[in-house]
Amino acid sequence: MTSHVQAAHAACPLPETGFDCDFQGRFAAVETYLAGRPGTVGIVVRDRVTGAVWRNGHAEDLTWTASTIKLAMVVDLFVRSRERKIHLSPADLRAIDAMLHSSDDESATALWSKFGGRDHLAFNNAFPAFGMTSLKPQPGFGKVFPYWGFQKCTASDLERLISYVLTDLPAADRRAIVDRMRTVGPNQQWGLWAAGPAARPGVKAGWSDEEGGSVMNSVGFVGPDERYTVAIMNNLAGRGGQEDGRTTVSEVARMLFDGRF
């Protein structure tokens with residue numbers, strides 16, 4: 001390999017992704033960074049303008065969703081409401097807002113109970129239509145099954161979900177979700193939030209201590225006109241705690257997007 005070709009390869013290490021050389025270098029740097037961090041991290045980045053996609057080697061790992069599934073719940077409730085299959089009361093709308101703004105668990109449980117159906121399957125039956133085709137509810141964790149709090153999916157599922165929000169939802173519903181994701185409360189201002197204010201990120205975070213260890217997840221969008229959809233799922237696997245995961249996921253977002261906008 002000549003020095004010229006070597007230099008081009010170093011600058012553009014992942015041409016198969018379809019991203020420009022700057023992004024390719026960032027992806028490679030992220031992989032190097034993650035090699036020294038606890039647990040595993042699944043990542044998907046999509047450019048909605050060009051169609052380019054980067055998935056790392058853990059993008060298809062089944063990981064506890066934690067509260068990222070609340071975004072899927074909101075999508076389903078809006079879809080069913082628009083189809084006149086359910087009626088969302090002012091209290092329901094406040095609960096939806098609380099789930100997006102501060103990831104409120106009590107609101108999620110109330111909505112799951114009210115709109116989940118007698119067999120609790122209504123939400124899970126709908127989720128694949130929003131791209132969450134690998135989602136699997138996990139049995140053995142309580143009297144209600146399936147339950148929003150005990151499910152696993154992949155980073156690819158979450159990226160398809162946020163792509164559905166930005167591409168397939170009616171404009172009014174899309175704006176409601178996008179606006180709330182851009183103005184989340186302090187407890188969700190990490191992960192993709194670390195892309196920085198110039199990136200105008202929108203975030204739904206998920207964090208929990210699960211069977212097998214902590215998970216720290218972040219899904220959302222970055223850039224002008226929500227150009228980039230991103231999902232990051234950190235399964236600490238007992239090798240670190242929530243603060244370790246928060247640091248990892250936030251640093252990945254910073255490395256991917258800092259200075260791009």
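Keep in mind that the numbers below use all heavy atoms, side chains included, and drop hydrogens, waters and symmetry copies. Treat the numbers as computed from the prediction; the structure is a model and nothing was measured.
- Using cut-offs of 30° and 60° for the angle between ring planes, the Phe19 and Phe23 rings count as perpendicular.
- When side chains are defined from C-beta on, Met233 counts as touching Cys153, because their heavy atoms get closer than 4.5 Å.
- When hydrophobic clusters are built by joining Ile, Leu, Val, Met, Phe, Trp and Tyr residues whose side-chain heavy atoms come closer than 4.5 Å, directly or via intermediates, Val44 is not grouped with Val30.
- At a threshold of 4.5 Å between non-hydrogen side-chain atoms, the residues Arg180 and Val74 do not count as touching.
- Trp64 pairs by the ring pair (Phe, Tyr, Trp, His ring centres under 6.0 Å) definition with Phe141, not counting sequence neighbours.
- Of all heavy-atom pairs spanning Ser134 and Leu62, the tightest one is O-CD2, 3.4 Å.
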- Show the numbers, then the answer: is there a side-chain hydrogen bond (donor to acceptor under 3.5 Å, both in side chains) between Ser250 and Trp193? CA-CA 7 Å; Ser250 297; Trp193 203 259; over 6 Å; no
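- Placement of Leu169 and Val203 in two distinct hydrophobic clusters is found when ILVMFWY residues are connected by side-chain heavy-atom separations under 4.5 Å, directly or transitively.
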- Message: Would Arg94 and Asp97 count as a salt bridge (charged side-chain N to carboxylate O under 4.0 Å, His left out) here? Give the steps.
- Response: CA-CA 5 Å; Arg94 287 193 295 272; Asp97 186 75; over 6 Å; no
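- Atom NE2 of residue His101 and atom CG of residue Asn187 lie 8.0 Å apart, to the nearest 0.5 angstrom.
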- Going through the distances and angles, do Gln151 and Asn124 end up as a side chain to side chain contact (heavy atoms under 4.5 Å, CB included)? CA-CA 10 Å; Gln151 314 237 5; Asn124 273 91; 2.9 Å; yes
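- A 4.5 Å side-chain heavy-atom check between Met181 and Leu71 finds at least one atom pair inside the cut-off.
- For the pair Met99/Asp105, no side-chain contact is recorded, criterion being any heavy-atom separation below 4.5 Å from C-beta on.
- The shortest distance between side-chain heavy atoms of Asp47 and Arg227 falls below 4.5 Å.
- Within the 4.5 Å cutoff, no side-chain heavy atoms of Arg37 are placed close to those of Arg239.
- When atom types are taken as modelled, the side chain of Arg182 and the backbone of Arg200 share a donor-acceptor pair closer than 3.5 angstrom.
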- Item | Residue pair Ser89, Lys114: steps toward the side chain to side chain contact (heavy atoms under 4.5 Å, CB included) verdict | CA-CA 11 Å; Ser89 69; Lys114 182 173 181 179; 4.0 Å; yes
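- Here the closest heavy-atom approach between residue Pro201 and residue Gly196 is recorded as CD-O, 3.3 Å.
- Between Leu111 and Ala95 the shortest heavy-atom distance is CD1-CB, 3.8 Å.
- Between the side chain of Trp112 and the backbone N or O of Pro146, at least one donor-acceptor pair lies under 3.5 Å.
- Residues Leu77 and Leu88 share a closest heavy-atom pair of O-CD1, 3.9 Å.
- Under the 3.5 Å distance criterion, the side-chain polar atoms of Asp20 are matched with a main-chain donor or acceptor of Asp22.
- Between Val41 and Tyr33 there is no side-chain heavy-atom pair separated by less than 4.5 Å.
- The distance from the CZ atom of Phe27 to the CH2 atom of Trp54 is 6.0 Å, given to the nearest 0.5 Å.
- Annotation: the span from Phe115 atom CZ to His87 atom NE2 amounts to 8.5 Å, rounded to 0.5 Å.
- Few gaps surround CG on Asp119; more than 12 heavy atoms of other groups in view lie less than 6.0 Å from it.
- Annotation for Thr154 and Ala59: closest pair CB-O, 3.4 Å, computed over non-hydrogen atoms.
- The hydrophobic clustering, which links ILVMFWY residues whose side-chain heavy atoms are closer than 4.5 Å, places Leu100 and Val178 together.
- When atom types are taken as modelled, the side chain of Thr68 and the backbone of Gly206 share no donor-acceptor pair closer than 3.5 angstrom.
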- Apply salt bridge (charged side-chain N to carboxylate O under 4.0 Å, His left out) to Glu251 and Arg254, showing your working. CA-CA 5 Å; Glu251 180 61 10; Arg254 188 199 66 77; 2.7 Å; yes
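- One N or O on the side chain of Arg48 and one on the backbone of Asp225 form a donor-acceptor pair closer than 3.5 Å.
- Using the six-membered ring where Trp is involved, Phe261 and Tyr228 have ring planes that are tilted, between 30° and 60° apart.
- Rounded to the nearest 0.5 Å, atoms CZ (Phe130) and CZ (Phe123) are 9.5 Å apart.
- With Asp244 as reference, Leu236 is the one residue of Leu236, Asn234, Val249 to meet the side chain to side chain contact (heavy atoms under 4.5 Å, CB included) rule.
- Nearest heavy atom pair, residue Asp76 against residue Ala126, reads OD1-CB, 3.3 Å.
- At least one donor-acceptor pair closer than 3.5 Å links the side chain of Gln138 to the backbone N or O of Lys136.
- Other residues, nucleotides and ligands contribute more than 12 heavy atoms inside 6.0 Å of the CD atom of Glu16.
- Using a 3.5 Å distance cut-off with no hydrogens or angles, the side chains of Thr65 and Lys70 do not pair a donor with an acceptor.
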- May I have the step-by-step check of side chain to side chain contact (heavy atoms under 4.5 Å, CB included) for Leu158 and Met132, ending in yes or no? CA-CA 7 Å; Leu158 290 180; Met132 302 191 76; 3.9 Å; yes
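- Annotation for Glu243: atom CD counts as buried by contact number, over 12 foreign heavy atoms lying within 6.0 Å.
- Under the 4.5 Å side-chain heavy-atom criterion for Ile, Leu, Val, Met, Phe, Trp and Tyr, Val45 and Met216 are members of the same hydrophobic cluster.
- Side-chain N or O atoms of Glu159 include none that pairs as donor or acceptor with a backbone N or O of Ala231 at under 3.5 Å.
- Side-chain contact between Glu31 and Pro13 is absent, with no heavy atoms from C-beta onward closer than 4.5 Å.
- Judged purely by atom type and a 3.5 angstrom limit, Glu226 has no side-chain atom pairing as donor or acceptor with the backbone of Phe221.
- For the pair Arg174 and Phe78, the cation-pi test (distance below 6.0 Å, angle within 45°) is failed.
- Taken to the nearest 0.5 Å, the CD atom of Gln189 stands 12.0 Å off from the CZ atom of Arg246.
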- Message: Evaluate Val219 against Leu161 for side chain to side chain contact (heavy atoms under 4.5 Å, CB included), listing each step before the verdict.
- Response: CA-CA 9 Å; Val219 59; Leu161 171 65; 5.8 Å; no
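- Between Asn56 atom CG and Ile43 atom CD1 the span is 4.5 Å, to the nearest 0.5 Å.
- Linking Ile, Leu, Val, Met, Phe, Trp and Tyr residues whenever their side-chain heavy atoms come within less than 4.5 Å places Trp148 and Val165 in a single cluster.
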